[in-house]
Each structure stands twice: as structure tokens, then as C-alpha cells.
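Every chain is numbered from 1, with letters handed out A, B, ... down the list of sequences.
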There are 2 protein chains.
Amino acid sequence: MRERADAARNRLRVLAAAERLFGERGVSGVTMDDVAAAAGVGKGTLYRRFTDKGGLAVALLDERERELQQLMLAGPPPLGPGADPVPRLVAFVQAYLQFLERHLDLVLLSETAAPGARLRTGAHAFWRQHCRYLLDRAGAPDADLRADVLLAALSAEQVRHWREDEERDAEGLAGSLAAVVSALARSRPTGRAGA
Amino acid sequence: MRERADAARNRLRVLAAAERLFGERGVSGVTMDDVAAAAGVGKGTLYRRFTDKGGLAVALLDERERELQQLMLAGPPPLGPGADPVPRLVAFVQAYLQFLERHLDLVLLSETAAPGARLRTGAHAFWRQHCRYLLDRAGAPDADLRADVLLAALSAEQVRHWREDEERDAEGLAGSLAAVVSALARSRPTGRAGA
DNA sequence: CGCCGATGTGGACTAGAGTCCGGTTATGTC
DNA sequence: GACATAACCGGACTCTAGTCCACATCGGCG
């Protein structure tokens with residue numbers, strides 16, 4: 001027995017209530033009590049399933065993330081297999097930016113609810129693994145560290161800053177980050193950099 | 001009248017108490033009430049001076065940051081003026097990593113207390129300005145965005161992850177990030193990236 | 001079909017961040 | 001040196017995240 005029938009029912013009710021409330025009032029205008037009340041369950045039930053508010057966000061994002069992950073693993077190039085590493089990375093960056101565009105509030109919540117949360121989600125491990133692999137295949141040194149650098153630039157908070165505080169347009173941002181990807185993927189300097 | 005004498009006295013008492021308590025029990029083991037009580041002031045006084053817990057961290061960090069900033073502006077090369085842009089950037093990265101090494105808890109607090117806090121401190125604006133200037137002088141395209149990318153990689157949370165979760169040694173990290181700096185500073189690809 | 005242990009449930013409770021406001025004290029003026 | 005006023009002070013208060021545990025419910029088993 002993995003999950004009791006009533007537990008499954010409540011889990012779905014919580015998810016549905018959370019999605020509705022977040023949509024209605026925005027992520028920050030909803031308390032955990034609100035979610036519990038709207039779902040018709042107690043707070044204990046809520047916290048039993050979802051570690052904290054961030055965990056709720058992670059659960060809501062889960063399905064959407066899977067779609068993107070599936071495209072990365074088995075979809076058409078350049079996002080999916082078949083393309084060269086750098087174009088695939090660029091495609092990933094663009095796809096991930098679009099993903100953020102649609103779910104920024106939720107991702108922000110999932111990444112900032114607890115300190116260090118961003119680096120601990122399963123989804124993050126997936127993106128990192130993918131970037132590592134492609135950077136390595138592109139011949140970049142320190143592929144794993146550079147994957148982290150790339151993903152740090154794609155953190156919800158950073159992207160929110162670029163898009164909202166600095167009002168950069170989505171395409172310019174994607175283009176600039178594509179150039180960053182190319183720079184990070186290059187295997188070694190061809191000469192002296194700088195002046 | 002800029003600051004009443006009693007207010008100044010209390011500000012110093014709060015700072016001294018906070019520094020002592022943070023040192024004794026660690027940043028997360030100290031509540032704002034603790035600080036207020038130890039300083040012999042009420043909570044209202046505390047919050048009047050320092051917006052929130054993060055603001056307290058910012059104030060404590062302030063003096064140390066100024067030292068580093070001074071070295072960057074007027075100290076000996078390669079950190080100070082005189083060296084070429086890329087070596088100066090590399091020196092900044094190393095110096096900033098050492099700064100984090102000593103004050104990680106406080107910086108972490110200052111960056112995570114409020115969402116978006118990291119990008120809003122005065123110190124951050126300074127680092128960003130410096131990196132922008134040097135990247136631009138190195139001929140990098142999108143110098144301002146790339147400065148943000150570099151600083152995102154140097155966020156307290158990311159560096160903490162590398163040093164503590166992944167147990168990377170400080171020198172290896174500095175070396176790898178120096179290579180990243182060089183890659184970001186390069187003006188343009190020398191050929192096709194990838195295959 | 002009724003018992004029993006495992007699992008789930010709800011809501012009172014704790015804790016800590018941040019707000020508010022009536023009272024207090026410093027500082028400039030005469 | 002007394003007054004007016006603006007700044008400051010303190011601690012009670014609110015709000016929300018997250019914990020805890022006595023009780024209810026499920027579902028396998030005899």
C-alpha cells in the first residue's frame with residue numbers, strides 16, 4: 001500500500017485548490033491556511049504531503065517540467081537529441097526562459113521558500129545533468145561547474161530581475177544568453193583575452 | 001540634525017550586540033528579539049534602523065565591504081587600477097571569494113532575507129558596476145548582462161553549495177571561475193562554436 | 001464481517017518576523 | 001532655561017509558517 005485512497009483524494013484537492021487560489025490572488029497573496037481551508041483539509045494534512053510552501057510549488061510545477069524534460073530527452077532537435085551540443089544548449093536556454101516566462105511566480109516560490117532550495121529540487125538536478133553532459137561534449141573544461149554557472153544565471157530571481165526590473169525583452173535576453181552559452185562552451189582561449 | 005545622539009548610541013549598541021550574538025550562536029540561532037534584548041533596546045528601535053534581519057546583516061557587512069571596495073578602487077594591481085581588465089576581473093573574483101569565505105553566513109542572510117534582496121544592496125551595485133566596466137574594457141559584448149551572470153555565479157547560496165555541499169576546495173574553485181571569467185570576457189567566437 | 005496496526009487527519013499550539021502607537025527625550029528657539 | 005516639535009523608543013500586537021499529537025479512518029487478515 002503506497003498511498004491510502006483518502007490521502008490521494010486530499011492530495012488532489014489540495015493541488016487543485018492551490019492552483020486556483022494562486023491564479024486568483026497571486027502566489028504571495030495566499031497563505032497556507034487559505035490553501036488548507038479551500039481544500040477542506042487541516043494544516044497537518046497539507047504539511048504531511050508538501051514539506052513547505054515551496055514543496056507545494058514544486059508539486060504544481062512537476063507536470064509542466066516533465067513536458068519540457070521529455071522534449072529534451074526525446075523531442076526533435078535542436079532541443080532534443082541529434083543536434084550538436086552548443087545549439088542544443090542554446091535551445092535549452094530558450095526553452096527554459098519560456099518556461100520561466102509562464103511560471104515565474106511558482107518557480108520563484110520553489111526556489112526561495114527555503115535557503116538553498118533552488119539547488120535541491122529534482123528538476124534542478126535534471127537541468128544540471130543535461131547542461132553538464134552537453135558542455136562536456138562541447139569540449140568545455142569544468143563542465144559541471146560551468147553548468148552551475150549557467151543555471152545560476154537562469155535562476156528565477158535573476159531572470160525576474162532582467163525581465164521586470166530592467167525591462168529587457170525576452171528575445172534580446174535569449175540572444176545574449178545564447179552568446180554566453182557559446183562562450184562557456186568554448187574549450188580554451190585562443191590567445192590573450194582582453195587588452 | 002541628521003541623527004540624534006541617543007539614536008546613534010543605540011545604533012552602535014545594536015550593531016555590537018548583533019555581532020557578538022552572531023559570533024556566539026551563529027546567524028540562524030539568533031532572533032531579532034535576542035538582538036534587541038542584548039542591545040537593551042526595544043524591537044521598534046531595531047526595525048527603525050535596520051529594515052529587517054537582512055538589513056542588519058548589510059550594516060554589519062558594510063565596513064568589511066568598504067575595505068575591499070577601496071582596494072579595488074585604489075589598491076595595487078592586479079586588483080586595483082593599472083592591470084589589464086581580465087587579470088583585474090580574476091583578481092576581483094578571488095578577492096570576493098575570500099570575502100565570502102570569511103562572511104558567508106552574513107552574506108547569505110543579506111541575500112536571502114527578502115526575495116530579490118541580493119540584487120538590491122548598494123554593495124551589489126558596486127560589484128556590478130566594476131565588473132561591467134572591466135568586461136566592457138575587455139571588449140566583451142553585453143558587458144552588463146555578463147556582469148550579472150558572473151555575479152550570479154558568486155551568489156552566497158551558489159558558493160556555499162560549491163564549498164560545502166560539493167566540498168570543492170577554495171583554490172580549485174577560484175581557478176575554475178577564473179577560466180569562466182576569461183571565457184565571458186572574450187570578445188567574440190573565433191570560429192563556429194560546437195561541431 | 002469485525003479486529004488491529006499503520007496511516008492519515010485536523011486544528012490547537014509555538015515561534016519568530018515585522019507593525020503600530022502612546023509615551024518619552026533630544027534639540028532649536030526665544 | 002522653558003517651550004514646541006520632531007525624532008525616537010519600547011514592547012504589546014498581528015500575521016503566517018511550520019509542529020505536534022490525540023483521534024479517526026483505512027484496508028488487510030483471520
Side-chain angles (χ1 to χ4, degrees), chain A residues 1-18 21-22 24-60 105-106 108-117 120, chain B residues 1-18 21-22 24-60 105-106 108-117 120:
Chain A
M1 164 180 37
R2 251 331 190 290
E3 184 182 35
R4 255 164 56 170
D6 54 343
R9 180 172 43 78
N10 279 340
R11 186 168 49 77
L12 293 179
R13 282 211 277 172
V14 166
L15 251 17
L21 289 179
F22 285 160
E24 282 173 16
R25 300 190 224 157
V27 167
S28 59
V30 178
T31 71
M32 292 299 263
D33 295 74
D34 290 341
V35 174
V41 304
K43 288 187 70 176
T45 307
L46 191 49
Y47 279 99
R48 154 173 290 272
R49 287 278 167 303
F50 309 101
T51 321
D52 54 16
K53 210 173 175 184
L56 194 49
V58 167
L60 285 170
D105 285 355
L106 275 181
L108 201 50
L109 175 58
S110 77
E111 292 186 356
T112 56
R120 263 183 252 127
Chain B
M1 160 180 42
R2 254 328 191 289
E3 184 183 36
R4 253 166 57 170
D6 53 344
R9 179 172 42 78
N10 278 341
R11 187 168 49 77
L12 294 179
R13 284 211 276 171
V14 166
L15 251 16
L21 288 179
F22 284 162
E24 283 173 15
R25 301 189 222 156
V27 167
S28 59
V30 178
T31 71
M32 291 300 262
D33 296 73
D34 291 339
V35 174
V41 305
K43 287 186 72 174
T45 306
L46 192 49
Y47 278 99
R48 154 173 291 271
R49 287 276 168 306
F50 310 100
T51 321
D52 55 15
K53 209 174 175 182
L56 194 50
V58 167
L60 285 171
D105 285 356
L106 276 181
L108 201 50
L109 175 57
S110 76
E111 293 186 357
T112 56
R120 262 182 255 129

(Q) At 4.0 Å (heavy atoms only), tell me whether A:Ala36 reaches a base, stays on the sugar-phosphate, or touches nothing. (A) nothing
Interatomic distance, [X] [atom1] vs [N] [atom2] [rounded to whole Å]:
X: B:Tyr47; N: C:dC21; atom1: OH; atom2: P; answer: 18 Å
X: B:Asp34; N: D:dG11; atom1: CG; atom2: P; answer: 15 Å
X: B:Asp6; N: D:dC9; atom1: CG; atom2: P; answer: 5 Å
X: A:Leu56; N: D:dA17; atom1: CG; atom2: P; answer: 11 Å
X: B:Phe50; N: C:dG18; atom1: CZ; atom2: C1'; answer: 15 Å
X: A:Met32; N: D:dT19; atom1: CE; atom2: C1'; answer: 13 Å
X: B:Leu46; N: D:dA12; atom1: CG; atom2: P; answer: 16 Å

From the candidates C:dG8, D:dC8, D:dG18, the one with an atom nearest any side-chain atom of A:Lys53 is D:dG18
Among D:dC26, C:dG16, C:dA26, the one nearest any side-chain atom of B:Arg4 is C:dA26
Nearest heavy-atom neighbours spanning [X] and [Y]:
X: A:Leu106; Y: A:Ala57; value: O-CB, 3.6 Å
X: B:Phe50; Y: B:Ala59; value: CE2-CB, 3.6 Å
X: B:Arg120; Y: B:Pro115; value: NH2-O, 2.9 Å

Discussion item. Quick check: do A:Phe22 and A:Asp105 have side-chain heavy atoms less than 4.5 Å from each other?
Written reply: no
Assess whether side chain to side chain contact (heavy atoms under 4.5 Å, CB included) is satisfied between B:Val14 and B:Leu56, documenting all intermediate values. CA-CA 9 Å; B:Val14 166; B:Leu56 194 50; 4.0 Å; yes
Each nucleotide N or O in nucleotides 10-14 of chain C that has a protein N or O under 3.5 Å away: list the pair and distance.
| from | atom 1 | to | atom 2 | distance (Å) |
| --- | --- | --- | --- | --- |
| C:dG10 | OP2 | A:Gly42 | N | 3.0 |
| C:dG10 | OP2 | A:Thr45 | OG1 | 2.9 |
| C:dG11 | N7 | A:Lys43 | N | 3.3 |
| C:dG11 | O6 | A:Gly44 | N | 2.8 |

Taking for A:Ala7 and for B:Gly54 the nucleotide of DNA chain C with the nearest heavy atom, the one nearer the 5' end belongs to A:Ala7
Sequence neighbours excluded, the answer for salt bridge (Lys or Arg N to Asp or Glu O under 4.0 Å) partners of A:Arg49 is A:Glu3
Would you mind writing out the side-chain donor-acceptor pairs for residues 24-46 of chain B within the sub-3.5 Å range, not counting sequence neighbours?
| from | atom 1 | to | atom 2 | distance (Å) |
| --- | --- | --- | --- | --- |
| B:Glu24 | OE2 | B:Arg20 | NH1 | 3.1 |
| B:Arg25 | NH1 | B:Asp34 | OD2 | 3.1 |
| B:Thr31 | OG1 | B:Asp33 | N | 3.3 |
| B:Thr31 | OG1 | B:Asp34 | N | 3.0 |
| B:Thr31 | OG1 | B:Asp34 | OD1 | 3.4 |
| B:Thr31 | OG1 | B:Asp34 | OD2 | 3.3 |
| B:Asp34 | OD2 | B:Thr31 | N | 3.0 |

N/O (side chain, A:Arg49) to phosphate O (OP1/OP2, C:dT9) under 4.0 Å | yes
